[in-house]
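Written out below as structure tokens is the structure these notes cover.
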Amino acid sequence: MSKGERQKTARERIKEQQAADRAREKRKRIVTYTTAGVVAVAAIGAGWLWSFSQSKSEEAAAPLAPITVDANGSVVMAKQGVTKPVIDIYEDFQCPACKQLEEVSGQTFKNLAAEGKAKVVFHPITIFSQEPTRGNSVRAGAAARCVADGKQWMAFHDLLFANQPSEAAEGFKVDDMVSWGKEAGVTSPDFESCVKGQKHANAQISFSDKTGKEAKIEGTPTVKLDGIVMDSQVIFTPQELREQVTKAAK
Amino acid sequence: MIALPVSRNARTAIPWVTTAARLVLGGVLIVSGGLKVTKPWDSVVAVKAYRLLPEDIATAVGYVLPMLEIVVGVLLVVGLLTRVAGAVATLLMFAFVFGIAWAWANGLRIDCGCFGGGGELAAGQEPTYLLDIVRDFGLVLLGGWVVRFPPGRYALDAALGLTGSAAREADARHDEHEEETVR
């Protein structure tokens, strides 16, 4: 160490001390800032993962339970001999929340029926009262009524939801629906003329009015378990949905 | 940052305005996030309804939005990472303004109300686009203020000595004290 360095003035030493303090403060600030940032991002990430896990759909486990299309337009999916508990699903092909329900819990309904744990009844109704949504919904509902085979109906039902049009524009055009029908494996020879001629449009409307009144449907999707409306929290959480239905089956 | 030639009154008022802006903006975010966080699918449906984003991205955004709003809101209220939180909040609000304007311009009748609302706005009931835009734009301005003048009074940032401006403020206070003692 040189002589000059040893002879530092007190002032210089204080300055150095201050600089060191400042550097330490700065480090501390960076650590605190980073910690807070990491915690905040982790909280957001955790919330995100939680939402995703809540809404995780089930995998297709078994072939579908037998499906029968009722003359009135409702569709029953149940293993032979399974009569309860009954899950009633009231949905509108044009309703975005119904599409979301199908995406999240559609497979759970199918699995529950396939496992013989429930009898699932679909009620495709038209809930909308204004154009263009009403027209879209009635066209889709009427087209679904042109499919008599249960398996084909289910495939067509899934395709309708997958191709749900905007609520702001005319959609579910008959030509599109005819090609979706082919995609769904609809074999009936008069399917095309039935869809294009909108043969069942009136049936769809009267069925919707009747069902809406009788079942006291205020919005779609509505899901009932043995006649009691299920909480939307439950129906959008496949795991909880399964638990409640399984409990009712006992 | 540029030091503005501001009066002493303004200098005492500005941090309080920031605090008020933080509380309002943070409060709105916490409430709106809180209403959504237990029903993430609602948020997903709402984001999809705008038809601005591809399905998968809309789903991801819908799921992340509630928690993001809550966390940013809490940060603003307590005044932690104030400037970053303020910037994120401003961007969020700006995105909402854009989305609503988009919906309006494209004639979407959003607020699907698929739960108990009959699936659409009742006949004769119009979406409240203008009101929504004015409100959200006001919140954009509050966010801008927070970004410009962080962190305000009663902020954790200041207590933890996190912001440069907080450090400067401490210096300023120190100077004032010195002046006073001198006087």
Side-chain angles (χ1 to χ4, degrees), chain A residues 22 25-26 28-30 32-34 36-37 39-55 91-92 94-101 103-105 125-130 132-134 137 162 164-169 212 217-222 232-233 235-237, chain B residues 33 36-51 55 59-72 74-75 78 80-81 84-85 88 103 106-125 156-157 160-164 166-167:
Chain A
R22 268 202 299 279
E25 282 297 309
K26 195 179 171 192
K28 208 179 110 192
R29 214 158 46 224
I30 291 171
T32 318
Y33 209 91
T34 315
V39 169
V41 171
I44 295 168
W48 197 13
L49 286 180
W50 181 81
S51 307
F52 261 114
S53 70
Q54 287 286 294
S55 321
E91 54 186 1
D92 185 318
Q94 174 65 59
C95 143
C98 304
K99 176 185 162 88
Q100 187 67 21
L101 178 71
E103 273 174 26
V104 173
S105 298
I125 58 172
T126 294
I127 194 96
F128 292 97
S129 58
Q130 281 183 323
T133 42
R134 182 173 176 81
S137 170
Q164 185 181 81
S166 155
E167 288 185 276
I217 303 302
E218 291 180 348
T220 50
T222 296
S232 58
Q233 184 114 32
I235 61 174
F236 278 95
T237 313
Chain B
K36 278 179 255 177
V37 78
T38 52
K39 332 189 247 183
W41 64 90
D42 242 3
S43 168
V44 171
V45 170
V47 175
K48 281 185 181 170
Y50 286 89
R51 300 201 176 240
E55 290 260 308
T59 306
V61 169
Y63 282 136
V64 81
L65 211 47
M67 201 57 184
L68 178 68
E69 286 180 331
I70 290 177
V71 169
V72 171
V74 169
L75 288 178
V78 302
L80 185 61
L81 311 182
V84 178
V88 174
N106 285 276
L108 299 185
R109 293 172 57 87
I110 305 190
D111 196 23
C112 116
C114 291
F115 300 95
E120 65 175 351
L121 293 161
Q125 188 186 344
L156 270 185
D157 273 346
L160 296 169
L162 278 184
T163 53

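Side-chain atoms are counted along with the backbone in the values below, which use heavy atoms only and exclude waters and symmetry mates. The shown structure was predicted, so the numbers you read here are calculated from the model rather than taken from an experiment. To find a chain, count down the sequence lines: A is the first, B the second, and so on, and within it residues start at 1.
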Task: Shortest non-hydrogen separation from A:W50 to B:V37 and the atoms involved - done: CZ3-O, 3.6 Å
Task: Residue list, side-chain hydrogen bond (donor to acceptor under 3.5 Å, both in side chains) with B:K39, at least two apart or on another chain - done: none
[X] versus chain A, heavy atoms under 4.5 Å apart: side chain, backbone, both or neither?
X     : answer
B:E69 : neither
B:L75 : side chain
B:S43 : neither
B:L80 : side chain

Open item on the list: Which residues pass the side chain to side chain contact (heavy atoms under 4.5 Å, CB included) test with B:T59, not counting sequence neighbours?
Closed with: B:V44, B:K48, B:Y63
Chain B interface, residue from [options] that has the most non-hydrogen pairs under 4.5 Å:
options                     : value
A:G45, A:P165, A:A169       : A:P165
A:G37, A:A36, A:A46, A:S166 : A:S166
A:Q233, A:Q94, A:K28        : A:Q233

Open item on the list: Is A:K26 close to chain B through its backbone or its side chain, or both, or neither, when contacts mean heavy atoms under 4.5 Å?
Closed with: neither
TODO: Name the region of A:E103, side chain, backbone, both or neither, that has any atom closer than 4.5 Å to a heavy atom of chain B.
DONE: side chain
Open item on the list: Just verifying a value: how many Å separate B:W41 CH2 and A:T237 OG1, rounded to the nearest 0.5 Å?
Closed with: 5.5 Å
TODO: Check step by step if side-chain contact (heavy atoms from CB on, under 4.5 Å) holds for A:F236 and B:V45.
DONE: CA-CA 12 Å; A:F236 278 95; B:V45 170; 5.6 Å; no
TODO: Mark yes or no for whether A:W48, through its side chain, and B:A60, through its backbone, hold a donor-acceptor pair below 3.5 Å.
DONE: yes
